[in-house]
Amino acid sequence: MTLADKAIAWYDDNARDLPWREPGTSAWAVLVSEVMLQQTPVVRVEPAWRGWLTRWPTPAALAQDPPSEAIRMWGRLGYPRRALRLHACATTIVERHGGAVPDDLDRLLALPGIGTYTARAVATFAFGQRHPVVDTNVRRVVSRAVQGLADAGAATTAADLAAMADLLPVEEARAARASIAFMEIGAVVCTARSPKCAVCPLATDCAWRLSGAPAPSGPTRKVQRYAGTDRQVRGLLLEVLRHATGPVPRQRLDMVWTDEVQRARALAGLVDDGLVEPHGDQFVLAGDAPPAGEVQSL
DNA sequence: GACACGTGGTC
DNA sequence: TGACCAAGTGT
């Protein structure tokens, strides 16, 4: 049995019941799940995903609403630029692909907010194609089981994809199944902090285990601080704008953070990113109605 | 390749 | 209790 065979056999019996894995899930729903799952735990994505798909079952439905509604619906999932990009995705899919999520890698990759991982994930999980799909879970599993290293080093896309390609079964459907299986093992068994080697289907082949499960060697990847950063300020500003029913005066935004320089920088960043629109001294989420009386430019 | 980019849970 | 971690992308 190959590593992929063992992973698939394990997955057949142990896969979590995640809603986007149910047969018949649309490519759009899969795409939305993949974007939401970027850097975000499954438990927080599930309810958000259901709400999103209930409101916007198709790209066309989302494209009919302004970006501001997408940003509101995103709630506190984090990285709200993803909501904006998902909206742009929907618009592009309607305008350039007749409302249907494209099924080939290049066209997926061209969509806003869809990078190497997500394009491959959609092509594989929504359309059943055979592609290496490499996320942080897969990188960790391959790093341990194949390379014998405690942790994956910095991402090196080409090499990571090649390493995964070597493990992929030839047959298309099995290849797709192997990809999700390796991801699942990384997510629930071969975890970052305390891998459950006792129940791992790859344990008997795992190069890392076979060499005595050595501790990680190199420098530890640095974790980005959050408290006190622009990101925190952006989050506070956006939180106010999400709940606003109309334009928000600058004075209202001034209350969320005392450091004026940082506050201004964070707000300017949100405007730069297209999440927020300034109307004189008032602000709205992108696409929301401007202050009454203002002449809208075309 | 390094950084910026949210948020909340865990140990 | 603060560091670490969670299906990345864009610059």
Side-chain angles (χ1 to χ4, degrees), chain A residues 11 15-16 18-21 29-49 71 74-86 88-89 108-126 131-142 151-161 164 176 179-188 190-195 216 219-239 241-242 256 262 265-266 268-270 272-276:
Chain A
Y11 185 79
R16 289 170 294 178
L18 302 177
W20 46 84
R21 288 178 178 171
V30 170
L31 187 155
V32 170
S33 78
E34 292 299 343
V35 171
M36 287 185 169
L37 285 163
Q38 292 169 4
Q39 302 285 284
T40 309
V42 165
V43 288
R44 300 217 335 259
V45 167
E46 271 210 51
W49 181 84
I71 297 167
W74 197 255
R76 301 186 63 80
L77 264 192
Y79 292 143
R81 288 190 296 195
R82 290 183 292 167
L84 196 59
R85 298 220 171 101
L86 214 34
C89 232
L108 284 166
L109 213 39
L111 296 173
I114 307 298
T116 304
Y117 163 76
T118 305
R120 289 165 174 278
V122 172
T124 300
F125 305 142
H131 301 286
V133 180
V134 177
D135 70 338
T136 189
N137 292 308
V138 170
R139 290 192 344 102
R140 188 172 50 246
V141 172
V142 172
D151 288 299
T156 51
T157 306
D160 293 339
L161 288 174
M164 186 57 210
S179 289
I180 192 66
F182 279 113
M183 282 179 60
E184 188 78 346
I185 290 170
V188 306
C190 192
T191 56
R193 286 196 225 182
S194 48
T220 59
R221 180 172 53 114
K222 62 176 171 186
V223 173
Q224 299 188 35
R225 187 180 67 255
Y226 178 65
T229 63
D230 287 6
R231 270 192 299 168
Q232 182 182 15
V233 184
R234 287 167 58 110
L236 293 168
L237 292 169
L238 218 49
E239 176 69 358
L241 289 160
R242 265 202 303 270
V256 308
Q262 189 175 23
R265 188 172 62 227
L270 290 172
D272 270 353
D273 287 350
L275 286 161
V276 172

- With A:Pro132, which residues qualify under side-chain contact (heavy atoms from CB on, under 4.5 Å), at least two apart? A:Arg120, A:Leu161, A:Met164, A:Ala165, A:Leu168
- Query: If you take all heavy atoms of A:Thr191 and A:Val188, which pair is closest and at what distance?
  - Reply: CG2-C, 3.9 Å
- Task: Please list, by residue number, the residues of residues 109-118 of chain A whose heavy atoms come closer than 4.0 Å to an atom of DNA chain B; answer none if no residue qualifies.
- Result: none
- Message: Work out how far the P atom of B:dA4 is from that of C:dA7, and round it to whole angstrom.
- Response: 22 Å
- Message: Show me the pairs that pass salt bridge (charged side-chain N to carboxylate O under 4.0 Å, His left out) and involve residues 36-46 of chain A, at least two apart or across chains.
- Response: A:Glu46-A:Arg50
- In Å and rounded to the nearest 0.5 Å, what is the CZ to CG distance from A:Arg242 to A:Leu237? 11.0 Å
- Which part of the nucleic acid, if any, lies within contact of A:Arg16, taking any heavy atom under 4.0 Å across all strands shown: a base, the sugar-phosphate backbone alone, or nothing? base
- Message: Using atom P in both nucleotides, what's the gap between B:dG8 and C:dT9 to the nearest angstrom?
- Response: 23 Å
- Taking only residues two or more places apart in sequence, or in another chain, which ones meet A:Arg193 in a side-chain contact (heavy atoms from CB on, under 4.5 Å)? none
- Counting any heavy atom closer than 4.0 Å, what does A:Arg139 reach on the DNA or RNA strands: base, sugar-phosphate only, or nothing? nothing
- Query: Tell me: CG of A:Leu37 to C1' of C:dC5, nearest whole Å?
  - Reply: 15 Å
- Message: Please give the distance between the P atoms of B:dC3 and C:dC4 as a whole number of Å.
- Response: 16 Å
- Task: Mind calculating the distance between CZ (A:Arg225) and P (B:dG8) to the nearest angstrom?
- Result: 19 Å
- Sequence neighbours left out, what passes side-chain contact (heavy atoms from CB on, under 4.5 Å) with A:Pro47? Give chain and number order. none
- Message: Apply side chain to side chain contact (heavy atoms under 4.5 Å, CB included) to residues A:Ile71 and A:Trp74 and explain how you reach the verdict.
- Response: CA-CA 5 Å; A:Ile71 297 167; A:Trp74 197 255; 5.5 Å; no
I'd like a list of close polar pairs between nucleotides 1-3 of chain C and the protein, N/O only, cut-off under 3.5 Å.
none

- Query: Rounded to the nearest Å, what distance is computed from the CD atom of residue A:Glu46 to the P atom of nucleotide B:dG8?
  - Reply: 18 Å
- Task: Using side-chain contact (heavy atoms from CB on, under 4.5 Å) as the criterion, list what pairs up with A:Thr156, not counting sequence neighbours.
- Result: A:Ala159, A:Asp160
- Message: Just to be sure I understand the rule, does A:Ala121 reach a base, reach only the sugar-phosphate, or reach nothing, if contact means heavy atoms closer than 4.0 Å?
- Response: nothing
- Message: How would you summarise protein contacts on nucleotides 2-7 of chain B per nucleotide, using B for base, S for sugar-phosphate only and - for none, with heavy-atom distances below 4.0 Å?
- Response: -SBBBB
- Query: Rounding to a whole Å, what distance do you find between A:Asp151:CG and C:dC5:P?
  - Reply: 7 Å
- Task: Tell me, please, which residues at least two apart from A:Arg81 pass side-chain hydrogen bond (donor to acceptor under 3.5 Å, both in side chains).
- Result: none
- Query: When the distance from CD1 of A:Ile185 to P of C:dA6 is rounded to whole Å, what number comes out?
  - Reply: 16 Å
- Message: Tell me every residue that passes side-chain hydrogen bond (donor to acceptor under 3.5 Å, both in side chains) with A:Arg21, counting only those two or more places apart in sequence or in another chain.
- Response: A:Tyr11, A:Glu184
- Message: I'd like to check the side-chain hydrogen bond (donor to acceptor under 3.5 Å, both in side chains) partners of A:Asp135; sequence neighbours left out, ordered by chain and number.
- Response: A:Asn137
- Item | Test side-chain hydrogen bond (donor to acceptor under 3.5 Å, both in side chains) applied to A:Gln232 - qualifying residues, sequence neighbours left out | none
- Message: Heavy atoms only, 4.0 Å cut-off, all strands: where does A:Trp74 land among base, sugar-phosphate and nothing?
- Response: nothing
- Message: Whole angstroms only, please: what is the CG-C1' distance between A:Leu86 and C:dG8?
- Response: 14 Å
